[in-house]
*Asks:* 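For reference, the structure I am asking about is given below.
By convention in this document, chain letters (A, B, ...) are assigned in the order of the sequence lines, proteins followed by strands, and residues within each chain are numbered from 1.
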Amino acid sequence: MLFALVLTAALPDLTWGGDIQGGAPYVFQDPHDPKKLVGFEVELADALAAKLGTTARFVQTDWSTLMQGLDRGTYAIAMNGLEATESRRDLAILSRPYYRFDLVLSVLKKRLTETPKTIGVLENSLAADWVLARPQYQVKLYQGVEEPYADVERGRIDAVLMDSVIEEVYGRAEAIAVKERSVASGTYVIACKKTNAALCTQVDAALGALIADGTHRRILERWKIWNDQQSTLGVLAAPTSAPGVAEHGSNRHSFTVRHFWLFVEASGMTLFVSLLAMALAMTWGLVLASARAFGPKWLRYPASAIVESFRGTPVLLQLYVIYFGLAPVLTLSPLSAAIITLGLNYGAYEAEIYRGGLNAVSPRQWDAGLVLGLTRTQTFSHVVMPQAIRIALPGMANDFVSLLKDSALVSVITVVELTKQMSITAVDVRSWIIPGAVCALLYMAMSLPASRLGRYLEQRLQTS
Amino acid sequence: MTIALDHVDKHYGSRYALKAISLDIAPGEVVALIGPSGAGKSTLLRTLVGLEAITNGEIRCFEHRLTRGVPAPETLRALRQDVGFCFQDFQLFPHLTTLQNVTLPLVLTKKLGVAEARKRAEQVLSRVDMLEFSDRYPGALSGGQKQRVSLARALVLEPRAMLFDEPVSALDPECILDVVEEIAMLRAAGKAVLVTTHLLPFAKKIATRVVFMVDGALVEVGTPAEIFTAPKTERLVQYLAHSLA
C-alpha cells in the first residue's frame with residue numbers, strides 16, 4: 001500500500017493545457033466558486049489522470065498558442081476542443097477522438113433567408129479554416145466565443161460559424177437562428193508532443209478505456225452534450241481526420257509572392273490605422289493639455305483624470321471595453337473603434353508631451369507677447385504654442401513608432417492588420433520564421449522614417 | 001503728466017516689493033532708475049505695463065488708469081499700445097524671422113493687413129539699420145542686432161512712452177553707444193523714457209533725471225549732477241562709494 005502510494009507520488013502530474021476564455025462547457029470557472037474549474041474536459045482530464053495513476057493539473061494558456069505551448073513543454077497534453085486537422089497532425093501526435101461535433105452556422109433571425117457575407121469564427125479553429133478556404137466569404141477572427149454572437153446581434157457581422165457544443169451554450173439568444181445545422185463536422189482530440197510518443201500511447205489507451213467502460217459517456221451526459229453521433233467514437237482508432245472538410249492549410253504552402261502582397265496590404269491597414277490614430281492623438285492631446293494648463297477647475301480635474309486613466313490602463317483593455325463593452329450603448333465598427341481607442345490612449349501621452357513643451361517655453365515669452373498688446377489667446381497661439389510644439393515634436397515622432405507597434409493589438413477586435421496577417425500565414429506555410437522576418441522588416445520599413453524624422457527634428461531644435 | 005505713480009504699493013503679505021512709490025514723468029524726459037539688486041526697479045517697470053498687479057495706489061499712463069488688482073484686458077491692451085517695453089534679454093520670438101517679429105504686433109494688435117504691416121515694419125527696421133536682416137532668425141543675430149530688432153518691434157506700435165529694463169546689461173560695451181543714441185532720438189521725438197540700469201556711467205549719460213531705489217522705496221531723486229556728484233542720503237553715498245562709477 002505504502003509502496004503504491006510512493007509510486008503514485010513519484011509519478012508527475014498530468015499537465016494539460018487549455019484556455020478558460022473558451023468558456024462552457026469545456027473548461028471554465030465555477031460560477032458559485034470562481035477558484036474552482038469545472039467543465040466536461042476537467043472531468044475527462046481527471047478521469048484520464050486517474051487511469052494513469054496520477055492527478056491532472058490544468059495549465060491556463062492562450063487558445064491561439066495552444067499548440068506552441070505543447071512544443072515548449074508548458075504542459076504534457078493539450079485538450080480544449082482541439083479539432084483534428086491536417087496542420088495539427090503535422091505539429092503533434094493526436095489521440096483518438098473524444099467528441100464529434102458539427103459546425104453550426106447562425107444568423108440573425110430576421111435575416112435567415114439572406115446569404116451571409118461576413119462570418120465570425122474563433123481564430124485557429126476548424127471553422128476558421130473552413131471560411132478561410134472559401135474566398136466568397138469574408139472571415140472575422142475572434143478570440144472569445146461570446147463576442148461573435150454579440151456582434152451578429154449588433155449587425156457587425158452576418159453570421160457565426162461555431163462548434164455545435166459552443167453554439168448550444170452561447171448561440172441561443174432570441175434574435176439568433178440557426179441557418180445550417182451541419183455545414184461540416186469534426187472531432188476533438190488530445191494533442192501530445194511529437195517527441196513524447198510513450199505518453200501519447202498511454203493517454204490514448206486510457207481514453208479508449210474510458211470510452212469502453214462508459215465513464216466518457218457518463219461525463220458527456222452530465223454536461224448534456226451526449227448525442228447519437230458520439231456512440232460511433234469507440235469504433236474509431238487514432239488518428240483520424242474529419243472527412244469532407246476542405247481545410248485551409250491542409251496542404252503545406254510555401255511562402256510566395258502572393259503571401260508577400262497580402263502582407264503589404266495588411267501593412268496598409270496598419271499604416272492607415274496608425275496615421276489616423278496619431279492625428280487624433282495629437283489633436284485630442286492638445287485639447288487635454290490646454291484644458292489642464294488654462295482651463296477652470298471643472299475642466300482641469302476631468303482632463304487630468306482622463307489622462308491618468310488612459311495612461312494607467314492597458315491598451316488591450318481599452319480596446320475590449322470600447323469595442324465590446326460599450327456596444328450596447330455605442331456600436332462602433334472595428335476600424336472606428338481601433339482608431340478611436342488608439343487615438344484616445346495616445347492622446348493622453350501627447351497631452352503630457354505638450355505639457356512638457358509648454359512648461360519649457362519661458363514665461364518671459366508670454367510677457368513679450370502681452371506687452372505688444374496681444375491677448376492671452378493670441379499670445380498662446382502665435383508665440384507660445386508654436387514653440388511648445390517644436391519642443392514636443394521629437395517626443396511625438398517617438399510615440400508614433402510606439403503606436404505603430406501597438407496597432408498590432410487591434411486584431412483582438414477583428415481588424416486584420418500586419419501581425420494578424422502574419423499569424424494567419426504562419427499557419428498556412430507551417431512556419432513562423434519567414435513570415436515573422438518579413439513582418440518585422442515591414443514594421444521597420446514603416447517605423448524607420450518616423451524615427452529618422454524624430455532625430456532630424458531634435459537636431460533642428462538644437463540649432464534654432 | 002505722461003506717466004504718474006501715486007502711492008503705489010505692491011506687497012505679498014508682509015513682504016513689500018514696492019513701498020508708496022510716487023513719481024511723475026513728463027514727455028521728453030529720460031528717467032533712469034538705479035539701485036542695488038532687489039530694489040524693485042524691474043518690478044516697478046513691470047507694473048507700469050500691467051505685467052504685475054499693484055496692491056495699493058494708482059498708476060496713470062496717459063489716459064489709462066491702473067488700480068489695485070488685475071486690470072481689465074481692454075485697459076491693458078490700450079495701455080500697452082501707448083507704452084512700449086523692451087526686455088533685458090530682448091525676448092525676440094525665436095520661431096519667427098526678424099521681419100515676422102516686427103509685423104506680428106501690427107497684424108494682431110493694430111489689426112493691419114499683411115501688406116501694410118510689412119511696409120511699416122520695413123520702415124522701422126531700416127530706421128534701426130536692420131532691414132537687411134529681415135529674413136534672419138533671432139538665433140542668427142548678435143546681441144546688438146537683437147537689441148535693435150526688439151526696439152523696432154516695440155516702436156512699430158508707435159508708443160508715446162518707452163520703458164527699457166536693463167537695456168545694455170546683455171550687450172558688448174561697443175553697442176552701448178548705439179543704445180544711447182536710440183534713447184536720445186526718442187527723447188527728441190518727445191517720448192517719455194524710463195530706464196532701469198545698474199550701469200552708472202550709462203545712467204549718467206542718458207538721464208535727465210535719476211531715481212535711486214532701495215528695498216522697494218524711492219530714496220533719492222534728482223538730476224544726474226545732483227545724484228552723482230552731490231548725493232544727499234547716506235544710503236546713496238554708500239552705494240556710489242562701493243560702485244565703480
*Asks:* Who in residues 38-58 of chain B is close to chain A, using a strict under-4.5 Å heavy-atom cut-off?
*Replies:*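 The residues closer than 4.5 Å to chain A, in numerical order, are B:R46, B:V49, B:L51.
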
*Asks:* So which part of B:L92 gets closer than 4.5 Å to some heavy atom of chain A, the side chain, the backbone, both or neither?
*Replies:*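 Just its backbone gets close to chain A.
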
*Asks:* Is it the case that atom NZ in B:K111 sees more than 12 heavy atoms from other parts of the structure closer than 6.0 Å?
*Replies:*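 More than 12 heavy atoms, drawn from other residues, nucleotides or ligands, come within 6.0 Å of this atom.
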
*Asks:* Report the C-alpha distance between B:R80 and A:L370 in whole Å, list the side-chain angles of each, state the deciding distance to 0.1 Å, and finish with yes or no for side-chain contact (heavy atoms from CB on, under 4.5 Å).
*Replies:* CA-CA 8 Å; B:R80 287 160 179 169; A:L370 292 173; 3.7 Å; yes

*Asks:* State the CG-CZ distance between B:D89 and A:R364, to the nearest 0.5 angstrom.
*Replies:*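 One finds 6.0 Å between CG of B:D89 and CZ of A:R364.
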
*Asks:* With no hydrogens and no angle check, is any side-chain donor or acceptor of B:H95 less than 3.5 Å from a backbone partner on A:V384?
*Replies:*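 No; zero donor-acceptor contacts below 3.5 Å.
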
*Asks:* If you draw a 6.0 Å radius around OH in A:Y301, do more than 12 non-hydrogen atoms from other residues or ligands fall strictly inside?
*Replies:*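 No, OH of A:Y301 has 12 or fewer neighbouring heavy atoms, counting only those of other groups under 6.0 Å.
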
*Asks:* Is it the case that over 12 heavy atoms from other parts of the model lie below 6.0 angstrom from the CD atom of B:E181?
*Replies:*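 Count not over threshold, so no.
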
*Asks:* For chain B, which residues of residues 372-381 of chain A have at least one non-hydrogen atom nearer than 4.5 Å to it?
*Replies:*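 Answer by number: A:L372, A:G373, A:L374, A:T375, A:Q378.
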
*Asks:* Name the option with the most non-hydrogen atom pairs under 4.5 Å to chain A; the candidates are B:F90, B:Y137, B:F87.
*Replies:*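 The answer is B:F87.
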
*Asks:* Report, as yes or no, whether the 6.0 Å neighbourhood of atom CZ on A:R300 holds more than 12 heavy atoms from other residues, nucleotides or ligands.
*Replies:*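 Yes.
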
*Asks:* Should B:L104 and A:V383 count as side-chain neighbours, where that means a heavy-atom distance under 4.5 Å?
*Replies:*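 With C-beta onward as the side chain, the pair touches.
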
*Asks:* Please give me the minimum heavy-atom distance between A:A368 and B:F93, naming the atom from each residue.
*Replies:*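 A:A368 and B:F93 have their closest heavy atoms at CB-CE2, 3.8 Å.
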
*Asks:* Using only non-hydrogen atoms and a strict under-4.5 angstrom cutoff, which residues of residues 331-347 of chain A touch chain B?
*Replies:*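 The list, in residue order, is empty: none.
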
*Asks:* Can you tell me if B:R77 has over 12 outside heavy atoms packed within less than 6.0 Å of its CZ?
*Replies:*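 Buried by this count: over 12 neighbours within 6.0 Å.
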
*Asks:* Any chance you could measure B:Q91, atom CD, to A:Q365, atom CD, to the nearest 0.5 Å?
*Replies:*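 One gets 5.0 Å once the value is rounded to the nearest 0.5 Å.
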
*Asks:* Could you name the residues of residues 140-160 of chain B that have a heavy atom within less than 4.5 Å of a heavy atom in chain A?
*Replies:*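 The stretch touches chain A at B:R153, B:A154, B:L157.
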
